[in-house]
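Heads up: the structure comes next, in structure tokens.
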Amino acid sequence: MLKLGFDGKTAVVTGAARGIGQAIAAGLHERGANLVLVDVLPEVAETAESLGDRAVGHVLDVTDPAAVKDFVKSVVADHGSLDVLVNNAGITRDQLLPRMKPEEFDAVLKVNLYGTFHLTQAAARPMMKARGG
């Protein structure tokens with residue numbers, strides 16, 4: 001089996017409190033990554049705790065550009081680098097299109113599209129500076 005080495009790499013995983021994000025976090029942890037797990041749900045702390053050492057959880061609203069910038073700066077300051085970014089955070093507002101309210105559609109765009117943009121933009125600077133990521 002091919003084993004990808006993430007030993008000593010710092011990985012941020014969004015939407016990590018449950019589901020796919022939690023599974024991605026477990027896989028990266030198994031491969032030696034230091035994890036910074038992010039979610040709007042406070043259960044992200046439980047996910048980090050369940051993984052044990054090398055994992056911390058942070059409650060973060062990925063739709064808040066200022067909070068995202070501060071978060072990325074703190075990751076680099078606290079962990080020395082940001083090597084991997086997994087933009088997994090996402091929401092759905094499933095229903096028939098004619099019944100969907102504009103504010104529901106806006107919420108989906110804010111998390112799924114703008115949240116990804118904010119995190120990628122903030123993480124790009126330290127990754128480019130490190131010539132990696």
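Looking at Thr47, its side chain does come within 3.5 Å of a backbone N or O of Ala17 through a donor-acceptor pair. No donor-acceptor distance shorter than 3.5 angstrom exists from the side chain of Asp83 to the backbone of Ala11, with no hydrogens or angles considered. Under a 3.5 Å cut-off, the side chain of Asp39 and the backbone N or O of Val44 do not form any donor-acceptor pair.
One hydrophobic cluster holds both Val76 and Val36 under the rule that ILVMFWY side chains link at heavy-atom gaps under 4.5 Å. Cluster membership for Val56 and Val12, using ILVMFWY side-chain heavy atoms within less than 4.5 angstrom, is shared. Connection of Leu60 to Leu85 is established within a shared hydrophobic cluster, with ILVMFWY side chains joined at heavy-atom distances below 4.5 Å, either directly or through further cluster members.
Closest approach of Gly57 and Ala48 over heavy atoms only: N-CB, 3.5 Å. Val40 and Val59 get closest at one heavy-atom pair: O-CG1, 3.8 Å. In terms of heavy atoms, His29 sits closest to Leu51 at CE1-O, 3.1 Å.
Within a 6.0 Å sphere centred on CG of Leu109, heavy atoms belonging to other residues, nucleotides or ligands number more than 12.
For the side chain to side chain contact (heavy atoms under 4.5 Å, CB included) test with Phe6, the passing option among Asn34, Val84, Leu35 is Val84; the others fail. Checking Leu28, Ile20, Val38 one by one against Val13, the side chain to side chain contact (heavy atoms under 4.5 Å, CB included) holds for a single residue, Leu28.
Interatomic distance, CG of Leu37 versus CD1 of Ile24, reported as 11.0 Å (0.5 Å rounding). Atom CG in Asp106 sits 10.0 Å away from atom CE in Met100 (nearest 0.5 Å). Atom CG of Asn88 and atom CD of Gln22 lie 11.0 Å apart (nearest 0.5 Å). The CZ atom of Phe71 sits 12.5 Å away from the CG atom of Asp64 when rounded to the nearest 0.5 Å. Here Lys110 contributes atom NZ and Asp61 contributes atom CG; the two are 9.5 Å apart, rounded to the nearest 0.5 Å.
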Which side-chain N or O atoms in residues 113-133 pair as donor and acceptor under 3.5 Å with protein atoms at least two apart or in another chain?
from, atom 1, to, atom 2, distance (Å)
Thr116, OG1, Asn112, O, 3.1
Thr120, OG1, Asn87, ND2, 2.9
Thr120, OG1, Thr116, O, 2.8

Report, one line per pair, each donor and acceptor closer than 3.5 Å where one atom sits in a side chain of residues 90-97; sequence neighbours left out.
from, atom 1, to, atom 2, distance (Å)
Gln95, NE2, Glu104, OE1, 2.7
Gln95, NE2, Glu104, OE2, 3.2

